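Position 1 is the first residue of the sequence; numbering continues from there. Just so it is clear, the values below take in all heavy atoms, side chains as well, and ignore hydrogens, waters and symmetry mates. Not measured: the values here are computed from a predicted model.
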Amino acid sequence: MACGARDRFRRRLVYRLLNSGSPPSYANGRVTFELDLAPGATWHTCCHYLLDRGEAVRAPRRGCQHDGVASEDALQDRWLSGATKVTSTNEDVYRVYRRSVDDMGALRLYDHDFGPDLWIPAAGVPWYVALFGRDALIASLQNAIVQPALARGALKKLAELQATERDDRRDAEPGKIPHEVRSGELAHFHLIPHTPYYGTADATPLYLIALHEAWRWLGDDTLLREHRETALRCLEWIDQSGDLDGDGFQEYRTRSPQGYENMGWKDASDAVVYPDGRQVPAPKALCELQGYVFDAWLRMAEVFDALGEPERAVALRGKARGLRAAFEDRFWCEDLGFYAFALDPEKQPVRTIASNVGHCLWSGIASPERAARVVQRFFEPDLWSGWGIRTLSARNPAYNPFSYQRGSVWPHDNGIIALGFKRYGFTAEAARVARDISEAASSFMYYRLPELYAGVERRPGTFPVLYKQANVPQAWAAGSVFHLLQAILGLRGDAPRGRLYVDPELPRWLPEITLHGLAIGEARVDLRFWRDGDCSRWTASIREGAISVHQEAWHPWET
């Protein structure tokens with residue numbers, strides 16, 4: 001038994017052995033058993049962990065089979081039974097998909113459950129077993145083709161935690177969606193600001209994106225009405241607090257003594273650098289933040305049309321047009337054939353080659369005329385490792401393939417970039433990224449994608465190298481394979497209109513794949529895709545409900 005207590009804070013861990021086949025012994029921090037097994041004999045013990053939080057004790061959900069108790073976790077079984085199934089002739093794709101579905105269900109945060117089907121995944125194990133706003137929202141987006149209802153829990157919980165007042169210590173501002181919630185000793189005594197902490201510049205627009213995407217897959221207008229006020233507060237935060245200097249761009253800067261230097265998804269303190277490797281000071285206007293807001297405004301315009309508020313929709317589309325024009329003017333670097341990583345405090349472009357620009361393709365803010373040059377640049381050897389796209393160009397003096405975000409490869413980042421390639425019609429390039437990540441997964445134990453791995457160059461006989469402190473499993477790493485499949489198959493939901501769109505282009509390494517029980521609105525559909533020569537074919541079989549399936553290419557936003 002391990003105990004910890006201080007004032008009103010108490011934690012205790014009880015380690016209990018049940019039904020042991022021989023008596024246990026304990027010495028020097030170890031539990032040992034003496035075994036004397038005859039040929040064909042068996043030995044058994046059960047190890048239970050009881051977590052005492054003072055106000056409640058959490059016992060194992062699984063009993064010991066020797067007591068006749070079923071070992072299955074009913075909630076995990078419920079998750080797996082409702083998830084889209086995949087079969088494929090490509091064993092790597094099948095295995096990484098199956099593992100990712102299992103891990104997503106296993107990361108369930110029971111303390112935040114609203115019900116059996118209204119829950120949120122932890123960000124990752126072992127470091128991030130907590131609610132993270134950005135992670136929960138991106139995982140919700142990834143799971144649209146697996147379990148679209150996953151978004152309900154994140155939207156509801158994050159709405160409850162949306163900031164209502166300014167609190168500089170926690171970087172909170174009215175309307176802001178939280179970054180992270182902690183409940184340990186440091187948080188209990190307010191020694192850290194994570195109660196919750198609001199140091200993220202992207203969770204607020206991502207909330208709007210996830211709300212719209214969930215509606216498109218679930219077809220539930222009550223979801224929009226339930227979160228309308230939350231969405232309005234998000235939009236207000238974007239206009240007022242997200243734009244620090246009123247120039248129309250999103251910037252960030254911490255006010256907390258314990259706050260994060262960086263508030264994009266690359267939130268390591270050393271992640272945002274100039275081309276010469278120097279750190280970029282705050283405030284910083286990251287390129288992807290502008291894309292997220294552009295995307296959020298256009299999605300919310302469609303939402304307000306559905307809610308019967310056309311004036312709001314017209315205004316948002318006008319703002320999106322203005323942001324796209326300003327973005328092209330200030331972020332495009334003609335000599336690089338790439339968009340700037342960010343604008344610095346002097347509003348000068350940070351001309352660093354980084355993976356963040358791929359998120360601008362995903363959001364649709366990038367000019368279609370310039371997309372080809374951007375995509376081509378991603379496959380130059382300084383960005384493309386062969387195991388995926390690096391976070392930072394290997395030509396940058398700050399590059400380190402073993403760093404957290406200055407040259408490593410993040411599967412979720414690659415999934416988003418692949419969706420961006422697909423959106424602009426670069427289907428072969430999207431499939432190339434998908435193959436990198438799926439083959440990398442086959443090198444890791446149980447086909448479990450880690451949070452990140454090293455950006456070392458792929459060569460014959462080599463394998464991807466795990467980042468030494470990576471979360472494994474991690475929610476958005478597990479979900480990256482869902483985005484990669486969505487990019488290859490061109491899947492888009494439009495449940496409010498009773499439609500599902502596909503636009504498949506299967507690469508040679510994925511000649512056939514079938515999705516079983518894909519949920520869209522109240523319907524379930526089986527989709528089979530296969531290569532026929534150089535063409536990709538598909539058929540749809542409706543299991544239940546009513547839905548029509550159409551082939552339609554995915555385009556950048558039209559404003």
Side-chain angles (χ1 to χ4, degrees), residues 92 95-109 121-139 142-143 179-180 182 184 194 200 260-262 264-272 354-356 358-359 383-392 394 398-418 433-434 436-458 462-484:
D92 285 347
R95 289 182 179 274
V96 69
Y97 180 90
R98 176 67 182 270
R99 169 52 54 192
S100 295
V101 172
D102 284 348
D103 285 347
M104 196 66 69
L107 286 167
R108 186 187 198 110
L109 281 171
V125 175
W127 310 110
Y128 299 147
V129 185
L131 169 61
F132 281 68
R134 178 193 303 120
D135 296 59
L137 292 166
I138 288 180
Q142 293 169 328
N143 276 272
H179 168 63
E180 180 182 353
R182 291 287 180 171
H194 301 74
T200 169
Y260 290 175
E261 169 66 22
N262 289 309
W265 84 259
K266 292 179 182 174
D267 56 6
S269 61
D270 59 358
V272 183
S355 67
N356 304 57
H359 293 229
L383 271 182
W384 181 61
S385 72
W387 295 116
I389 292 168
R390 298 183 178 99
T391 45
L392 181 68
Y399 166 76
N400 178 355
F402 302 102
S403 71
Y404 195 56
Q405 291 167 339
R406 288 181 291 108
S408 54
V409 175
W410 287 62
H412 95 278
D413 187 32
N414 277 254
I416 288 174
I417 292 170
V433 174
D436 285 352
I437 303 301
S438 63
E439 290 186 347
S442 70
S443 298
F444 294 113
M445 187 175 294
Y446 307 125
Y447 283 78
R448 178 176 279 144
L449 279 165
E451 177 186 14
L452 71 154
Y453 47 88
V456 294
E457 181 184 358
R458 182 176 184 175
T462 63
F463 52 86
V465 178
L466 181 70
Y467 178 76
K468 65 180 180 179
Q469 291 181 310
N471 285 275
V472 187
Q474 201 228 20
W476 66 13
S480 63
V481 66
F482 310 150
H483 265 171
L484 294 168

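- The minimum heavy-atom distance between Leu107 and Pro473, with the atom names listed, is CD2-CG, 4.2 Å.
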> Passes side-chain contact (heavy atoms from CB on, under 4.5 Å), Phe482 versus Val101? Steps please.
Replying inline: CA-CA 9 Å; Phe482 310 150; Val101 172; 3.9 Å; yes
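- Although no hydrogens or angles enter the test, the distance criterion places no donor-acceptor pair under 3.5 Å between the side chain of Tyr453 and the main chain of Ala440.
- Residues Phe444 and Phe463 keep their aromatic ring centres 6.0 Å or farther apart.
- In this structure, Val481 and Ser100 approach most closely via the heavy-atom pair CG1-OG, 3.4 Å.
- Panel note: side chain Arg99, backbone Leu449; no donor-acceptor pair is recorded below 3.5 Å.
- Contact annotation: the side chain of Arg406 never approaches that of Tyr399 to less than 4.5 Å [non-hydrogen atoms, C-beta and beyond].
- Note that the OH atom of Tyr97 and the CG atom of Asp102 stand 10.5 Å from one another [nearest 0.5 Å].
- One distance of note links OG1 of Thr462 with CD of Glu457; it measures 8.0 Å at 0.5 Å rounding.
- For the pair Gln474/Asp135, a side-chain contact is recorded, criterion being any heavy-atom separation below 4.5 Å from C-beta on.
- Note on residues 443-454: pairs passing salt bridge (Lys or Arg N to Asp or Glu O under 4.0 Å), not counting sequence neighbours, are Asp103-Arg448.
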>> Working note: Tyr404 + Gln469, criterion side-chain contact (heavy atoms from CB on, under 4.5 Å); need CA distance, chi angles, decisive distance, verdict.
In response: CA-CA 9 Å; Tyr404 195 56; Gln469 291 181 310; over 6 Å; no
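- Minimum heavy-atom separation, Pro411 to Ile437: CB-CG2, 4.3 Å.
- The two residues Gln142 and Ala475 come nearest to each other via the heavy atoms OE1-O, 3.9 Å.
- Atoms CH2 and CH2, from Trp265 and Trp476 in turn, are 6.5 Å apart once rounded to the nearest 0.5 Å.
- Counting heavy atoms from C-beta outward, Asp436 and Arg458 have side chains that approach closer than 4.5 Å.
- Side-chain atoms of Thr391 do not come within 3.5 Å of backbone N or O of Val409 as any donor-acceptor pair.
- Counting heavy atoms from C-beta on, the side chains of Gln405 and Asn262 never come closer than 4.5 Å.
- Between Lys266 and Ser355 there is a side-chain heavy-atom pair separated by less than 4.5 Å.
- From His412, atom NE2 reaches atom CG of Leu484 across 12.0 Å, with rounding to the nearest 0.5 Å.
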> Given the rule in the side-chain contact (heavy atoms from CB on, under 4.5 Å) test, do Asn414 and Ser480 qualify, once you have shown the distances and angles that lead to the verdict?
Replying inline: CA-CA 8 Å; Asn414 277 254; Ser480 63; over 6 Å; no
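- One finds the CG atom of Asp413 at 12.0 Å from the NE2 atom of His483 (value rounded to the nearest 0.5 Å).
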> Between Asp267 and Arg134, does a side-chain contact (heavy atoms from CB on, under 4.5 Å) hold up when you go through it step by step?
Replying inline: CA-CA 11 Å; Asp267 56 6; Arg134 178 193 303 120; 3.7 Å; yes
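- Shown are Pro450, Ser385, Ser443; of these, the side-chain contact (heavy atoms from CB on, under 4.5 Å) with Pro464 is made only by Ser443.
- The shortest distance between side-chain heavy atoms of Tyr447 and Arg98 does not fall below 4.5 Å.
- In this structure, Asn471 contributes its side chain and Trp127 its backbone to a donor-acceptor pair below 3.5 Å.
- Here Leu131 contributes atom CG and His179 contributes atom NE2; the two are 10.5 Å apart, rounded to the nearest 0.5 Å.
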